[in-house]
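Labels below follow one simple rule: chain letters A, B, ... track the order of the sequence lines, proteins then strands, and each chain is numbered from 1. All values derive from a computational prediction rather than experimental measurement.
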Amino acid sequence: MDLSVTPNDADQVAAAILSWYDQHGRKSLPWQQNRTAYKVWLSEVMLQQTQVNTVIPYFENFITRFPDVQTLAAAGIDEVLHLWTGLGYYARARNLHKCAQVVTDKYKGEFPEDPELLEALPGIGRSTAAAIAAQAYNKRAAILDGNVKRFLARLHCVPGWPGQGNTLKALWRLAEHYTPQQRCQAYTQAVMDIGALVCTRRNPKCDQCPAERWCAARLTASQHDFPHSKPKKTNPVRQSTLYMLYVPNSGYLLLQRPPTGIWGGLWSLPDAKEIKNLLGQLPETEEKQHLEHKFSHFTLQAEIHLCTLNTQQNKPLSLNIREQGQRWYNPEQPDNIGLPGPIHKLLHALRT
DNA sequence: AAGACGGGGTC
DNA sequence: GACCCAGTCTT
């Protein structure tokens, strides 16, 4: 690893990056128009582990429904999760909502400028705090997202994969090293753009890169070796049984999942144990479907039991359904609630 | 320090 | 089908 850098190098590299940004950088992303800290924050949280093109429609929907942080703070979590459905990592949506409330109550609706204060807010870590400080307030703060990690790992041939402690430490050191005192808003956008558009994972366009002349990987033709990829392990398979319990004139029974864990806070189908708790017994299965869904860390295989409960049998259920965390869902008139993608698909595939 | 947490895009 | 992505939080 080549960490033999001098301040002079950093100034030159940053100047080249800024010059590249003026010519080629992205300046018309939705959150760059009429820029506010609220928009920057919302986009940055959405962009955690999610790519720009996926985020754009979600961002537009959120801004339309929640034009400012107070409106978002005042909304119900169910509606926030509903608009978030499909983005994944639903803890982000819960933290987003909580953060909006803290900013509204504690900061009178104005996001703080200090990265340390920003990082103390729910859902804002070191990189996102820096991104908000730099992009919304043009303060000097170093970011280190996936794009910047790849760019810096190549620039200095940093060994290891970015999940490793030492690797991350080296990358943060480099990120701090190159971040300039001036024009930090443009610089942070520039390094992200370079990572996304030029220093891509495969087929990097080194001839278009403003840092080509300083890049250790380019010099040794080892761009494809950096950053090292995460050691892979085989994903386990988890099996479960889920019930699509239909009650005429009511809909399908959904239960809200716990706030943490898979599909946290979202509404999903009950499993056999939950059905038994509610009905005292398992209803007769009319039809079975198979569901397979791959998560990043395991594969879910579920057997879906389709059941219909007639009105005479469902007395106890009718009473219990008033409990919190239980609801009927009518696909014909869907509620604005958070539904996991595969569950939404199941509930709406029946209309044949 | 390591693992949990999603769904979509890409090749 | 494998791999990756504008990270953060929990243990």
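Note on Ser296(A): a base of the nucleic acid sits closer than 4.0 angstrom, heavy atoms only. Base engagement by Gln189(A) is indicated by at least one non-hydrogen atom pair under 4.0 Å involving a base atom. Counting any heavy atom pair closer than 4.0 Å across all strands shown, Leu29(A) reaches a base atom. Using a 4.0 Å heavy-atom criterion, one finds that Ile124(A) contacts the sugar-phosphate atoms exclusively. Counting any heavy atom pair closer than 4.0 Å across all strands shown, Thr128(A) reaches sugar-phosphate atoms only and no base atom. Within the 4.0 angstrom heavy-atom criterion, only backbone atoms of the sugar-phosphate kind lie near Gly86(A); the bases stay farther away. Arg150(A) comes within contact range of the sugar-phosphate backbone alone, with a heavy-atom separation under 4.0 Å but no base atom that close. Within 4.0 Å (heavy atoms only), Trp161(A) reaches no atom of the nucleic acid at all.
For Thr200(A) against Arg150(A), the heavy-atom pair with the smallest separation is C-NE, 3.6 Å.
Contact annotation: side chain of Thr54(A) to base of dG9(B), donor-acceptor pair absent below 3.5 Å.
As rounded to the nearest Å, dG8(B) and dC9(C) have P atoms that lie 24 Å from one another. One P atom belongs to dG9(B), the other to dT8(C), and the distance between them is 23 Å to the nearest Å.
dG7(B) atom P lies 10 Å from atom CZ of Phe298(A), rounded to whole Å. The distance between atom NZ of Lys233(A) and atom P of dA2(C), rounded to the nearest whole Å, is 15 Å. Residue Phe295(A) contributes atom CZ, which lies 19 Å from atom P of dG3(B) at whole-angstrom precision. In this structure, CG of Asn147(A) is placed 7 Å from P of dG7(C), rounded to the nearest angstrom. Taking atom NZ of Lys230(A) as the reference point, atom C1' of dA2(C) lies 13 Å away to the nearest angstrom. Straight-line distance from the CZ atom of Phe151(A) to the P atom of dC5(C): 15 Å, rounded to whole Å. Rounded to an integer number of Å, the gap from CD1 of Ile132(A) to P of dG7(C) is 13 Å. Look at OH on Tyr90(A): it is 19 Å from P on dA4(B), rounded to the nearest Å.
For dA4(B), neither phosphate oxygen OP1 nor OP2 lies less than 4.0 angstrom from any side-chain nitrogen or oxygen of His297(A). A close approach under 4.0 Å does not occur between any side-chain nitrogen or oxygen of Gln49(A) and OP1 or OP2 of dC5(C). Side-chain N/O atoms of Tyr89(A) include none lying less than 4.0 angstrom from OP1 or OP2 on dC9(C). Phosphate contact (OP1/OP2 of dG7(B), side-chain N/O of Trp263(A), threshold under 4.0 Å): present.
A salt bridge does not link Asp193(A) with Lys27(A): every distance from a Lys NZ or Arg NE/NH1/NH2 to an Asp or Glu carboxylate oxygen is 4.0 Å or more. Salt bridge annotation for Arg218(A)-Asp207(A): absent, with no cationic side-chain nitrogen under 4.0 angstrom from a carboxylate oxygen. A salt bridge is defined here as a Lys NZ or Arg NE, NH1 or NH2 lying under 4.0 Å from an Asp or Glu carboxylate O, and Arg126(A) with Glu176(A) meets this definition.
Between Leu87(A) and Asn53(A), it is Leu87(A) whose nearest contact on DNA chain B lies nearer the 5' terminus. Toward the 5' end of DNA chain C, the nearer of the two residues Thr260(A) and Val52(A), judged by each one's closest nucleotide, is Val52(A). Between Gly261(A) and Asn166(A), the residue whose closest nucleotide on DNA chain B is further toward the 5' end is Asn166(A). The residue among Lys294(A) and Arg126(A) whose nearest nucleotide of DNA chain C is located toward the 5' end is Lys294(A).
Minimum atom distance to the side chain of Arg201(A) is reached by dC4(C), of the listed dG7(B), dC4(C), dT8(C).
At a cut-off of 3.5 Å, with distance as the only test, no side-chain donor of Gln189(A) or Arg26(A) sits close to an acceptor on the other residue. A donor atom on one side chain and an acceptor atom on the other are not found under 3.5 Å apart for Ser28(A) and Gln33(A).
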**Request:** Start with the C-alpha gap between Leu245(A) and Ile275(A), add the side-chain angles, then the distance that decides, and say whether side chain to side chain contact (heavy atoms under 4.5 Å, CB included) holds.
**Result:** CA-CA 9 Å; Leu245(A) 183 68; Ile275(A) 285 285; 4.0 Å; yes

